[in-house]
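Below: one structure, written as structure tokens.
Nothing fancy with the numbering, it's 1 onward along the sequence.
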Amino acid sequence: RGGGTTTTGMALPREGGIVLDLNRMARIEEIDEDAMAVTMQAGITVYRMIKFIEKRGWKIPLKPKFGSGVSMAGWASFNGVGAGGSLYGRVTDMLLGLEVVLPTGEIVTTGSASFKGAKPFCRYQGTGPDLTGLFLNTFGTMGVITGMTVRVYRKPEAEGFIGYGFETAEDAQEGIRILTEANISYGINLYDEEMCRIAGLPIPAPWVVHKFAEGWKEEVDFRVRKGRELLEKAGIGEERPKAIPFWYGVEGMSSRLIPPMRTACVGGFHPLGITAAVFHAYNRVGEEHNLKRGMVWWVINNYANIFPIYVYNEETELDIMIKAAHDLRAEWSDLGCTPDFPGPNPDITDRIVPEYLAFYTKVKKTLDPN
């Protein structure tokens with residue numbers, strides 16, 4: 001168990017078993033400014049990590065899209081994302097190495113620190129395969145992450161953004177394609193009018209796309225200006241200067257609801273070319289099950305993380321919510337999406353190619369003979 005912020009209850013031993021609570025493993029071991037790296041224990045929260053390095057003039061590449069209680073190792077285990085993904089990718093891409101306890105009790109270190117005398121300064125080196133990746137997105141099933149080293153960056157001189165409103169999902173998709181191919185964005189995200197309704201915010205347009213830039217002031221000014229020029233040249237969308245950026249996804253959405261009303265996220269990843277179709281499927285399923293809904297969506301390098309929520313009454317509509325999630329995942333899978341995370345969703349297992357599932361099982365049994 002990391003920060004306990006999961007919306008899927010994955011730390012609950014529903015079939016019996018042991019829960020390892022890592023919250024007290026919350027020490028920052030070292031900041032190596034020469035290597036631009038910070039080593040820490042698994043339980044430190046992302047918020048504390050950010051505050052620690054900010055005082056020293058550093059930052060992590062991503063602005064997290066969640067609340068402040070998430071642990072760094074939980075974020076890594078989930079292989080999470082955040083604002084900045086257009087440039088920096090995912091948590092995967094800032095990891096320099098892990099300390100992991102295997103199911104049999106051995107402690108292993110991945111990355112350059114696996115070489116005698118070397119410190120954790122890089123993830124990839126010539127001593128074998130990239131074993132760091134073996135423990136990402138596996139939620140402790142391959143081993144328990146107890147420590148990690150991440151790459152940090154100097155805080156930028158300036159930040160800037162533009163917001164554009166689009167009338168249709170197809171126009172929004174085209175605007176996103178233009179910004180992504182131009183390779184001028186620190187981050188690109190989108191939200192829809194339904195999210196504004198749930199959050200009680202003004203509605204700038206049916207679909208709102210934000211493009212973020214950071215760096216030296218002259219660089220930021222250019223990237224913002226160029227993004228505006230490209231969208232105006234394409235003749236789609238209109239600038240919405242007062243549109244509010246959703247830096248943190250649906251953080252705070254649940255707190256705006258009076259129990260027993262809740263929000264549930266059904267996430268996934270997809271290529272940019274099917275963005276509009278993905279949006280239409282999410283709206284269609286929400287309407288079919290009569291659920292309020294809202295969309296937050298991020299670019300990650302050359303693909304996207306879709307992060308829609310449905311609002312439901314946990315006392316009377318839980319079965320409806322579970323059915324809606326199943327239906328949406330099925331439609332997205334048919335479109336060519338992959339799941340955000342497995343969680344307690346056995347309905348996605350039959351979508352995995354059998355040879356891959358067998359290989360995954362073989363690796364797991366090798367690490368965990370029991």
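- Residues Thr141 and Pro103 share a closest heavy-atom pair of O-CG, 4.4 Å.
- The residues Glu193 and Arg197 are annotated as salt-bridged, a charged nitrogen and a carboxylate oxygen being separated by less than 4.0 angstrom.
- One side chain, Asn23 or Asp21, offers a donor N or O that lies under 3.5 Å from an acceptor on the other.
- From Asn137, atom CG reaches atom CZ of Phe135 across 14.0 Å, with rounding to the nearest 0.5 Å.
- Here the options are Tyr282, Trp297, Trp207, the test is side-chain hydrogen bond (donor to acceptor under 3.5 Å, both in side chains), and the partner is Asp192; only Tyr282 passes.
- Within a 6.0 Å sphere centred on CG of Asn183, other residues, nucleotides and ligands contribute 12 heavy atoms or fewer.
- The CD1 atom of Ile176 lies 7.5 Å from the CD1 atom of Ile188; values are rounded to the nearest 0.5 Å.
- Between the side chain of Glu99 and the backbone N or O of Thr109, no donor-acceptor pair lies under 3.5 Å.
- For the pair Arg48 (side chain) and Ala26 (backbone), a donor-acceptor distance under 3.5 Å is present.
- Tracing side-chain contacts under 4.5 Å through hydrophobic residues (I, L, V, M, F, W, Y), one never reaches Ile107 starting from Leu20; they form parts of separate clusters.
- A continuous path of hydrophobic side-chain contacts links Trp332 to Leu272 [ILVMFWY only; heavy atoms under 4.5 Å].
- Minimum heavy-atom separation, Thr39 to Pro120: OG1-CG, 3.8 Å.
- Using a 4.5 Å cut-off between side-chain heavy atoms of Ile, Leu, Val, Met, Phe, Trp and Tyr, with links allowed through other members, Met36 and Val38 fall into the same hydrophobic cluster.
- The shortest distance between side-chain heavy atoms of Ile28 and Ile44 falls below 4.5 Å.
- Aromatic ring centres of Tyr88 and Tyr153 lie closer together than 6.0 Å.
- Arg123 contributes a side-chain N or O that, together with a main-chain N or O of Thr92, makes up a donor-acceptor pair within less than 3.5 Å.
- The existence of a salt bridge linking Arg284 and Glu331 is confirmed by a sub-4.0 Å separation between a basic side-chain nitrogen and an acidic carboxylate oxygen.
- When atom types are taken as modelled, the side chain of Ser112 and the backbone of Cys122 share a donor-acceptor pair closer than 3.5 angstrom.
- Closest approach of Gly89 to Leu62, counting heavy atoms only: O-CD2, 3.7 Å.
- Atom CE of residue Met148 and atom OG of residue Ser77 lie 10.0 Å apart, to the nearest 0.5 angstrom.
- Remark: side-chain polar atoms of Arg90 are paired, donor with acceptor, to backbone N or O of Asn79 under 3.5 angstrom.
- Annotation: side chain of Thr149 is not in contact with side chain of Met40 (no heavy-atom distance under 4.5 Å).
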Begin with the C-alpha distance, continue with both residues' side-chain angles, and end with the deciding distance and a verdict on side-chain contact (heavy atoms from CB on, under 4.5 Å) for Tyr312 and Ile320. CA-CA 8 Å; Tyr312 69 102; Ile320 295 174; over 6 Å; no

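- Using a distance-only test at 3.5 Å, with no hydrogens or angles considered, a donor-acceptor pair links the side chain of Thr168 to the main chain of Asp171.
- Residues Ile60 and Met49 meet the side-chain proximity criterion, which asks for heavy atoms closer than 4.5 Å.
- A salt bridge links Glu214 to Lys59: one of the charged nitrogens lies within less than 4.0 Å of a carboxylate oxygen.
- Remark: Lys292 does not engage Glu194 in a salt bridge, criterion side-chain N to carboxylate O under 4.0 Å.
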Run the side-chain contact (heavy atoms from CB on, under 4.5 Å) test on Lys226 and Arg223 for me, step by step, so that the C-alpha distance in whole Å, both residues' side-chain angles and the decisive distance to 0.1 Å come before the verdict. CA-CA 5 Å; Lys226 194 64 179 178; Arg223 291 174 184 270; 5.8 Å; no

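- Proximity of Glu232 to Tyr164: side-chain heavy atoms (C-beta onward) are separated by under 4.5 Å at one or more points.
- Both tests hold for Arg56 against Phe52: distance to the six-membered ring centre under 6.0 Å, angle to the ring axis within 45°.
- In terms of hydrophobic clustering, with Ile, Leu, Val, Met, Phe, Trp and Tyr side chains grouped at heavy-atom distances under 4.5 Å, Val19 and Ile145 are assigned to different clusters.
- Using bins of under 30°, 30° to 60° and over 60° for the plane-to-plane angle, the ring pair Tyr360/Tyr356 lands in the tilted bin.
- Counting heavy atoms from C-beta outward, Leu134 and Thr110 have side chains that stay 4.5 Å or more apart.
- Remark: the backbone N or O of Glu218 is not paired with any side-chain donor or acceptor of Asp221 at under 3.5 angstrom.
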Can you check side-chain contact (heavy atoms from CB on, under 4.5 Å) on Met195 and Leu190, steps first, answer last? CA-CA 10 Å; Met195 183 62 79; Leu190 169 146; over 6 Å; no

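- Side-chain contact between Phe161 and Lys211 is absent, with no heavy-atom pair separated by less than 4.5 Å.
- Taking all atoms of both residues into account, the shortest heavy-atom contact from Gly97 to Thr132 is CA-OG1, 4.2 Å.
- Here the CG-CG distance, from Leu136 to Leu131, works out to 11.0 Å after rounding to the nearest 0.5 Å.
- With Gln41 contributing its side chain and Arg27 its backbone, the two residues share a donor-acceptor pair below 3.5 Å.
- Side chain to side chain, His289 and Asp327 meet the donor-acceptor criterion of an N or O pair below 3.5 Å.
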Should Phe212 and Glu159 be marked as a side-chain contact (heavy atoms from CB on, under 4.5 Å) after you check the CA-CA gap, both sets of side-chain angles, and the distance that decides it? CA-CA 7 Å; Phe212 306 96; Glu159 293 182 337; over 6 Å; no

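- Here the OG1-CD distance, from Thr275 to Glu174, works out to 11.0 Å after rounding to the nearest 0.5 Å.
- Listed here is the closest heavy atom pair of Ala42 and Leu22: CB-CD1, 4.3 Å.
- Here the side chains of Thr316 and Asn313 are in contact, with some heavy-atom distance below 4.5 Å.
- Between Arg154 and Glu33 there is a salt bridge, since a side-chain N of the basic residue sits under 4.0 Å from a carboxylate O of the acidic one.
- Atom OH of Tyr303 is separated from atom CZ of Phe269 by 5.5 Å, given to the nearest 0.5 angstrom.
- The number of heavy-atom neighbours closer than 6.0 Å to NZ of Lys217, taken from other residues, nucleotides and ligands shown, is 12 or below.
- Side chain of Gln173 to main chain of Ala276: a donor-acceptor pair is present (N/O by atom type, distance under 3.5 Å, no hydrogens or angles).
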Derivation of the salt bridge (charged side-chain N to carboxylate O under 4.0 Å, His left out) call for Lys119 and Asp34: CA-CA 11 Å; Lys119 298 180 73 173; Asp34 289 334; over 6 Å; no

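- Judged by distance alone, the side chain of Thr361 and the main-chain N or O of Leu357 form a donor-acceptor pair under 3.5 Å.
- Residue Met295 is grouped with residue Leu291 when hydrophobic side chains (ILVMFWY) are merged at heavy-atom distances under 4.5 angstrom, including chains of intermediate members.
- For the pair His210 and Tyr191, the minimum side-chain heavy-atom distance is below 4.5 Å.
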